[in-house]
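The structure appears right after this line, and notes come after that.
All heavy atoms count here, side chains included; hydrogens, waters and symmetry mates do not.
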Amino acid sequence: MTTTTKARKRAAAAQPEQIRVDNPATGEVLTHVPNLTAAEVAEVAARARAAQPGWEQLGFEGRAAVLRRMQRWVVDHADEVARTICSETGKAYEDALLAEINYGAAAFGFWAKQAPSYLAETRVRSAQPLVAGKKLVQRYRPMGLVGVIGPWNYPLTNSFGDCIPALAAGNAVLLKPSELTPLTSLLLAEGLAASGLPDGVFNVVTGTGATGSALVDEVDMVMFTGSTATGRKVAAQAAQRLVPVSLELGGKDPMIVLADADLERAATHAAYYSMFNCGQTCISIERCYVEAPVYDEFVDLVTKKVTALRQGVPGGPGSVDVGSLTSPAQVDIVERHVRDAVAAGARALTGGQRPHREGLWFPPTVLVDVDHDMTIMREETFGPTLPVMKVADAQEAVRLANDSEYGLCGSVFGRDLERAEAVARRLEVGAVTVNDALVNYTALELPMGGAKPASGIGRRHGKEGITKYCRQQSVLVSRWHLRRDLHTYPYRASRTRVLARLLAVLNRGAKD
Ligand code: NDP
């Protein structure tokens with residue numbers, strides 16, 4: 001037995017059989033779900049592999065029919081899904097409706113419609129004389145078994161959402177949701193079964209990080225969303241089998257407010273997109289740089305808006321603006337970032353103190369007098385915080401915005417659109433917005449991903465959002481030809497001279 005196998009057996013023996021799922025807003029125990037061992041994950045993977053060829057053979061239309069029925073299922077069950085999401089994440093009802101139900105329903109329709117064109121066979125033309133007259137085709141085949149490992153902040157959008165294009169491409173899928181939020185995935189699996197997805201094609205493997213690690217050992221491709229640290233581990237493990245990975249990791253998204261900005265809009269967006277989902281979004285506004293002439297007015301406006309937010313246990317629609325945090329470890333991180341900033345001279349204009357109450361809470365917090373020596377301006381806080389910093393001009397704002405290991409998204413607010421866009425284009429991030437934030441994520445046609453390694457590699461959405469779940473195959477068919485091509489054996493000096501002259505003519509290129 002190898003050391004790794006022994007270590008796995010020990011880990012499996014130590015692994016509890018069930019994991020508890022809590023409501024983070026109330027502390028109530030919701031239920032328990034199985035904590036699958038590596039052997040159990042391998043069994044599920046074998047069943048999924050057996051089911052995959054039948055799913056692939058259904059073709060785009062056959063698969064799209066199932067995905068479209070699932071789109072209707074999500075709409076018909078929107079309230080049930082939203083309440084399940086709220087119960088295991090603590091987020092506000094509207095956060096679930098807008099960023100999860102809306103995304104999920106749209107994504108089923110989008111991938112059903114786009115998969116055939118994104119994955120269409122394409123005829124290729126070549127200038128190479130050796131292939132003149134031959135048919136050249138580039139085509140896509142599904143990887144086979146795709147593994148998706150998801151985080152707890154968006155159980156539908158970021159976890160389950162990545163399974164949709166993988167299924168549309170004809171793969172079987174194993175989804176390992178976060179141990180904190182497995183219930184949404186289990187409910188959606190019921191929806192897929194009710195929509196006619198063949199048995200074994202989609203599988204939720206619940207469990208802890210060890211279950212995620214076991215999944216990496218079974219699949220043909222890994223789609224991971226979560227922390228940069230775990231992303232590194234997953235990539236290193238996948239590299240042992242040379243299995244491709246796509247990683248959507250952390251962010252520290254900057255917002256820049258130029259002196260000519262519509263301050264009302266800028267402040268509204270700053271408050272909304274830093275506190276939305278209690279700040280637990282990889283593309284949340286995590287830090288804000290404001291040109292000096294409008295700094296005081298902006299800070300005043302944004303502080304009033306954040307102070308007015310109603311935070312509490314989510315009920316139905318309109319019950320609260322901001323819910324609780326989702327992960328116990330996350331509350332500690334947020335508290336540490338705020339405490340360290342205040343100890344180093346920052347001021348909390350609203351919020352700032354962790355309350356003594358049941359559940360995972362931290363209040364919406366605006367911080368000023370911050371600088372880049374503070375953790376809150378450098379590490380992903382992933383909580384309801386908005387640190388605001390005064391800058392002399394756009395030049396300084398861009399320099400500070402780019403002074404980060406992360407590069408996911410960024411936003412610039414200004415009335416002079418040409419100037420604002422020019423500033424936005426200088427940000428070293430995978431996506432930028434002008435006079436807006438985050439909504440770019442809902443445009444599934446627009447690729448989304450990191451510009452720096454700490455924010456991930458690969459793209460979700462757009463063509464690459466589905467081709468990454470496929471193997472490429474290049475096809476050459478020789479339709480008409482000589483019985484023996486000029487360049488093949490036996491080599492003869494006379495033919496070589498002809499070939500050499502031909503190659504010289506073809507490769508001489510255009511004159512300058
Ligand atoms: P992780 O990155 O640890 O978890 C993400 C997923 O990976 C979970 O399903 C987790 O399972 C699983 N996992 C953990 N360890 C392994 C492993 N060795 N192999 C395979 N899968 C594994 O996120 P955390 O929950 O620890 O959050 C930490 C930080 O990550 C946050 O503070 C935040 O900054 C960032 N984050 C970023 C997100 C994003 O959208 N980019 C989303 C969530 C967090 P399990 O949950 O069961 O441990």
**Asked** For Y103 and W111, what are the C-alpha separation, side-chain angles and deciding distance, and is it a ring-ring contact (aromatic ring centres under 6.0 Å, His included)?
**Response** CA-CA 12 Å; Y103 178 95; W111 292 112; 9.4 Å; no

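- Of the possible donor and acceptor atoms, none in the side chain of T230 sits under 3.5 Å from a partner among the backbone N and O of S227.
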**Asked** How far apart are the C-alpha atoms of E291 and I256, what are their side-chain angles, what is the distance that settles it, and do they pass the side-chain contact (heavy atoms from CB on, under 4.5 Å) test?
**Response** CA-CA 8 Å; E291 281 193 307; I256 295 175; 5.9 Å; no

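- There is no side-chain donor-acceptor pair under 3.5 Å between S87 and T84.
- If you check the side chains of Y93 and D79, you find a donor sitting under 3.5 Å from an acceptor.
- Within 6.0 Å of atom CD in Q18, more than 12 heavy atoms from other residues, nucleotides or ligands are found, so the atom counts as buried in its surroundings.
- For R232, the CZ atom sits in a loose shell: 12 or fewer heavy atoms of surrounding residues, nucleotides or ligands are nearer than 6.0 Å.
- A donor atom on one side chain and an acceptor atom on the other are found under 3.5 Å apart for T381 and H337.
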**Message:** If you apply the rule ring-ring contact (aromatic ring centres under 6.0 Å, His included), what do you find for H461 with Y118, and how did you get there?
**Reply:** CA-CA 11 Å; H461 303 164; Y118 282 153; over 10 Å; no

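- A donor-acceptor pair is defined here as one N or O able to donate and one able to accept, closer than 3.5 Å; such a pair exists between the side chain of S455 and the backbone of G407.
- Looking at heavy atoms from C-beta onward, V398 lies in side-chain contact with V423 at the 4.5 angstrom threshold.
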**Request:** Could you give me the CA-CA distance, side-chain angles and deciding distance for V243 and V216, then say whether side-chain contact (heavy atoms from CB on, under 4.5 Å) is met?
**Result:** CA-CA 9 Å; V243 165; V216 176; over 6 Å; no

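- Distance check, rounded to the nearest 0.5 Å: CG of L156 to CD1 of I164 gives 7.0 Å.
- Looking only at side-chain heavy atoms (C-beta outward), C409 and T433 stay at 4.5 Å or farther from each other.
- Salt-bridge check for E380 with K252: failed, with every basic side-chain N at 4.0 Å or more from each acidic carboxylate O.
- In this structure a side-chain-to-backbone donor-acceptor pair under 3.5 Å is missing from T268 to A266.
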**From CA spacing to verdict: side-chain contact (heavy atoms from CB on, under 4.5 Å), M223, E248** = CA-CA 8 Å; M223 171 68 222; E248 221 270 59; 4.1 Å; yes

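- A distance of 13.0 Å separates CG of D253 from OH of Y273, quoted to the nearest 0.5 Å.
- With hydrogens and angles disregarded, a donor-acceptor distance shorter than 3.5 Å links the side chain of Q311 to the backbone of F362.
- The shortest non-hydrogen separation linking L258 to A394 is CD2-CB, 3.8 Å.
- Ion pairing between a basic and an acidic side chain is recognised when a charged N comes within 4.0 Å of a carboxylate O; D403 and R378 show such pairing.
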**Message:** Let's go through F160 and V148 carefully: what are the C-alpha distance in whole Å and the side-chain angles of both, what is the deciding distance for side-chain contact (heavy atoms from CB on, under 4.5 Å) to 0.1 Å, and is it a yes or a no?
**Reply:** CA-CA 8 Å; F160 186 85; V148 176; over 6 Å; no

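- Atoms OG1 and CD, on T157 and E100 in that order, are 4.0 Å from each other to the nearest 0.5 Å.
- The number of heavy-atom neighbours closer than 6.0 Å to CZ of R425, taken from other residues, nucleotides and ligands shown, is 12 or below.
- In this structure, the ring of Y289 has its center less than 6.0 angstrom from the ring center of H372.
- Here CG of L180 is found 9.0 Å from CG of L360. Values are rounded to the nearest 0.5 Å.
- Of all heavy-atom pairs spanning Q237 and D217, the tightest one is NE2-OD1, 3.0 Å.
- The shortest side-chain heavy-atom distance between P244 and V222 does not fall under the 4.5 Å cut-off.
- At a threshold of 4.5 Å between non-hydrogen side-chain atoms, the residues N153 and N277 count as touching.
- The backbone N or O of V201 sits nowhere less than 3.5 Å from a side-chain atom of R47 that would complete a donor-acceptor pair.
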**Request:** Kindly determine whether D76 and R72 satisfy salt bridge (charged side-chain N to carboxylate O under 4.0 Å, His left out), including the steps that lead there.
**Result:** CA-CA 6 Å; D76 292 345; R72 282 194 293 279; over 6 Å; no

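- Looking only at distances, no side-chain donor or acceptor of S324 sits under 3.5 Å from a matching main-chain atom of W361.
- Using modelled atom types, one side-chain atom of N171 and one backbone atom of Y469 make a donor-acceptor pair closer than 3.5 Å.
- Within a 6.0 Å sphere centred on CG of D262, heavy atoms belonging to other residues, nucleotides or ligands number more than 12.
- Residue T37 comes nearest to E40 through the heavy atom pair N-OE1, 2.8 Å, listed as atom of the first residue, atom of the second, then distance.
- In this structure the side chain of V294 reaches within 4.5 angstrom of the side chain of L263, judged on heavy atoms.
- Salt bridge K452/E405: absent, no basic N to carboxylate O contact under 4.0 Å.
- Remark: E264 engages K305 in a salt bridge, criterion side-chain N to carboxylate O under 4.0 Å.
- In this structure, L438 CG and I285 CD1 are separated by 7.0 Å, a value rounded to the nearest 0.5 Å.
- Within 6.0 Å of atom CZ in R83, more than 12 heavy atoms from other residues, nucleotides or ligands are found, so the atom counts as buried in its surroundings.
- Side-chain atoms of R336 do not come within 3.5 Å of backbone N or O of T375 as any donor-acceptor pair.
- Pairing each heavy atom of C282 with each of L408, the nearest pair is O-CD2, 3.4 Å.
- P387 has its side chain out of reach of M374: every pair of non-hydrogen atoms, C-beta onward, lies at least 4.5 Å apart.
- If you take CD on E190 and OG on S195, they are separated by 11.5 Å, rounding to the nearest 0.5 Å.
- Note: Y154 and F276 have parallel aromatic rings, judged against thresholds of 30 and 60 degrees for the angle between ring planes.
- Looking at I376 and D340, their side chains never come closer than 4.5 Å, going by heavy atoms from C-beta outward.
- The minimum heavy-atom distance linking P155 with K91 is given by the pair CD-NZ, 4.3 Å.
- The backbone N or O of A454 lies less than 3.5 Å from a partner atom in the side chain of T228, making a donor-acceptor pair.
- Counting only distance, with no hydrogens or angles, the side chain of N203 and the backbone of V173 share a donor-acceptor pair below 3.5 Å.
- S411 and D436 get closest at one heavy-atom pair: CB-O, 3.3 Å.
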**Item:** Full working for side chain to side chain donor-acceptor pair (under 3.5 Å) between T225 and R460
**Value:** CA-CA 11 Å; T225 306; R460 62 159 60 107; 2.8 Å; yes

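- Screening T181, T326, T184 for a side-chain hydrogen bond (donor to acceptor under 3.5 Å, both in side chains) involving E88 leaves a single residue, T184.
- With respect to R354 and D332, a salt bridge is recorded, a charged nitrogen being found less than 4.0 Å from a carboxylate O.
- The side-chain heavy atoms of M275 and V306, taken from C-beta on, include a pair separated by under 4.5 Å.
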